[in-house]
Protein chains: 2
Amino acid sequence: MAKDTYHHGNLRAALLNAALNALKDEPPAKLSLRQLAGCLGVSANAPYAHFASKDDLLDALRREGFVELKSEMADALAVAGSGRSVELAALGRAYLRFGREKPHLYALMFAEGPVPSEATASAATDSFALLRQTVEGLGTDPDLAHFAWALVHGLVTLDAAGQLEPLGAAPIEDLAPRLAQILIGTR
Amino acid sequence: MAKDTYHHGNLRAALLNAALNALKDEPPAKLSLRQLAGCLGVSANAPYAHFASKDDLLDALRREGFVELKSEMADALAVAGSGRSVELAALGRAYLRFGREKPHLYALMFAEGPVPSEATASAATDSFALLRQTVEGLGTDPDLAHFAWALVHGLVTLDAAGQLEPLGAAPIEDLAPRLAQILIGTR
DNA sequence: ACCTGAACACCGTTCAAGT
DNA sequence: ACCTGAACACCGTTCAAGT
């Protein structure tokens, strides 16, 4: 049954899974295609039957990351109370938690090296759209959604770089209500 | 003189200079110690006479980056008019311009891989201190300086990732006055 | 269609040795 | 003190070949 048909069924999914797993422990720069293949008991270039290059595999990982991020934001929005402030805080909290819990995947998603595929770029746009809709009409500045994005993105990456330690031991997603406060401008 | 004493005088400075130069064209991930040495006409492991490892050289580059960032922020503050809002905008403008003009050096400065040396960590703290002092007492939130930092940091890295293109063709440092507006809360 | 084996051109790093 | 040459254990990727 589909198990060990050739070597172990579905190498493509196994590679993505193994890579995602490796990203729990190490930054994307440490990911090695040969090592991934070795862990799955397959030859060094077997991956090339499923991915055009290492960058192609990384692009698929990135896409998965954006899809997951959007899904978690949508879930948070669904259970949040109504009112712009609490919606915004819920969205920010989901975003910050995703970034804190998966710092290496998050870093890969925003890495600057290779140009993302069209599919990955649109997954990124889709996840940002959720934030843009919630922020829409909140302030007078039409770019407020971008500033909101920069704020959470900056917090996630500064936290990953260890520059937010002076803020104390609380997880960064607890900052979400204060971010909403700043963006809305009520003080 | 002091030229070509052994091979060409000061290999350490030449390596840092060549690396800084390479960062103008390519991301830090592409930096190769062997290639740097080759460009300077020196053997592949000559760098190890001056740096303990590749990470050690990268750490020195990072430190230089933070020192330069602080210096440019200090210069901007010196020529700025008085008043919290214009000071903050001047500081933000200097930060954003640095990040936009040297995206690869900036990315290296905040890379997550190796733990920064104590000297580099304190250079980072020093550059942040400038921002903290300017923001101090501006709002009721004691963490406002961190939010300000996250905001500019987020804008620089989103811009480097190509996610800020919808904002138009203007360089991101033009956003500085609006950032100050948001942080101060006058609208 | 999916995988192996051998090879190529790279890496960072170490070690012995030269001046 | 500063550098070279040869070597080791890795990389990503390609090519011919196997089933």
Side-chain angles (χ1 to χ4, degrees), chain A residues 1-23 25-62 104 108 111-117, chain B residues 1-23 25-62 104 108 111-117:
Chain A
M1 31 210 87
K3 167 204 175 179
D4 262 314
T5 67
Y6 208 89
H7 223 106
H8 63 244
N10 193 348
L11 182 56
R12 193 194 138 93
L15 280 167
L16 288 174
N17 199 12
L20 231 31
N21 225 290
L23 281 179
D25 298 323
E26 52 187 14
K30 298 273 181 190
L31 272 192
S32 151
L33 218 50
R34 291 182 94 108
Q35 206 169 282
L36 251 35
C39 286
L40 297 174
V42 100
S43 88
N45 39 10
Y48 289 89
H50 303 276
F51 298 98
S53 66
K54 184 188 184 182
D55 280 345
D56 189 35
L57 186 149
L58 294 181
D59 185 79
L61 289 177
R62 267 206 272 210
H104 302 314
L108 176 61
E112 3 136 31
V115 175
S117 68
Chain B
M1 357 245 123
K3 166 202 176 180
D4 261 315
T5 67
Y6 208 90
H7 221 108
H8 63 242
N10 193 349
L11 182 56
R12 193 194 138 93
L15 280 167
L16 287 174
N17 199 12
L20 231 32
N21 225 290
L23 281 179
D25 297 324
E26 53 188 13
K30 298 272 180 191
L31 272 191
S32 151
L33 218 50
R34 292 182 93 108
Q35 205 169 283
L36 251 35
C39 286
L40 298 174
V42 98
S43 88
N45 38 11
Y48 289 90
H50 303 276
F51 298 98
S53 65
K54 184 188 184 182
D55 280 345
D56 191 33
L57 186 149
L58 294 181
D59 186 79
L61 288 177
R62 269 206 271 209
H104 302 315
L108 175 62
E112 1 136 32
V115 175
S117 69

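Residue numbers begin at 1 in each chain, while the letters A, B, ... track the order of the sequences. Computed from heavy atoms alone, side chains included, the values below leave out hydrogens, waters and symmetry copies.
In this structure the side chain of A:H104 reaches within 4.5 angstrom of the side chain of B:E112, judged on heavy atoms.
Rounded to a whole Å, the OH atom of A:Y48 is 14 Å from the P atom of C:dT4. Protein atom CG of A:L33 is 14 Å distant from nucleotide atom P of C:dC3, rounded to whole Å. The distance between atom CZ of B:R12 and atom P of D:dA1, rounded to the nearest whole Å, is 16 Å. Per the geometry, CZ belonging to B:R34 stands 15 Å off P belonging to D:dC10, to the nearest Å. One atom, CD of A:E26, and another, P of D:dC11, lie 10 Å apart when rounded to the nearest Å. Protein atom CG of B:L36 is 10 Å distant from nucleotide atom P of C:dC11, rounded to whole Å.
Summarising the geometry, atom CG belonging to A:L61 is positioned 10.0 Å from atom CG belonging to A:N17; distances are rounded to the nearest 0.5 Å. Distance check: A:L16 CG to A:L11 CG gives 9.5 Å after rounding to the nearest 0.5 Å.
Annotation: salt bridge (charged side-chain N to carboxylate O under 4.0 Å, His left out) contacts involving residues 31-60 of chain B, sequence neighbours excluded, comprise B:D59-B:R63.
The only option from A:L36, A:L20, A:V42, A:N10 that meets the side chain to side chain contact (heavy atoms under 4.5 Å, CB included) definition with A:L15 turns out to be A:L36.
One N or O on the side chain of A:R62 and one on the backbone of A:A111 form a donor-acceptor pair closer than 3.5 Å.
Between B:N45 and A:A49, the one whose closest nucleotide on DNA chain C sits nearer the 5' end is A:A49.
Residues from residues 51-61 of chain A placing a heavy atom under 4.0 Å of any atom in DNA chain D, listed by number, are A:S53, A:K54.
Residues A:A60 and A:F51 approach most closely at CB-CE2, 4.3 Å, considering heavy atoms. Across A:A22 and A:L31, no two heavy atoms sit closer than the pair CB-CD2, 3.6 Å. Between B:S43 and B:A37, the shortest heavy-atom distance links the atoms O-CB, 3.4 Å.
Phosphate proximity of D:dC10 to A:Q35: absent, as no side-chain N or O sits under 4.0 Å from OP1 or OP2. Note on B:S32: a side-chain N or O is less than 4.0 Å away from OP1 or OP2 of C:dG12. A sub-4.0 Å separation between OP1 or OP2 of C:dA1 and a side-chain N or O of A:H50 is absent.
With pairs defined as Watson-Crick or G-U wobble and both atom distances under 3.5 Å, the stems of at least three pairs that touch DNA chain C come out as C:4-8 with D:12-16, C:12-16 with D:4-8.
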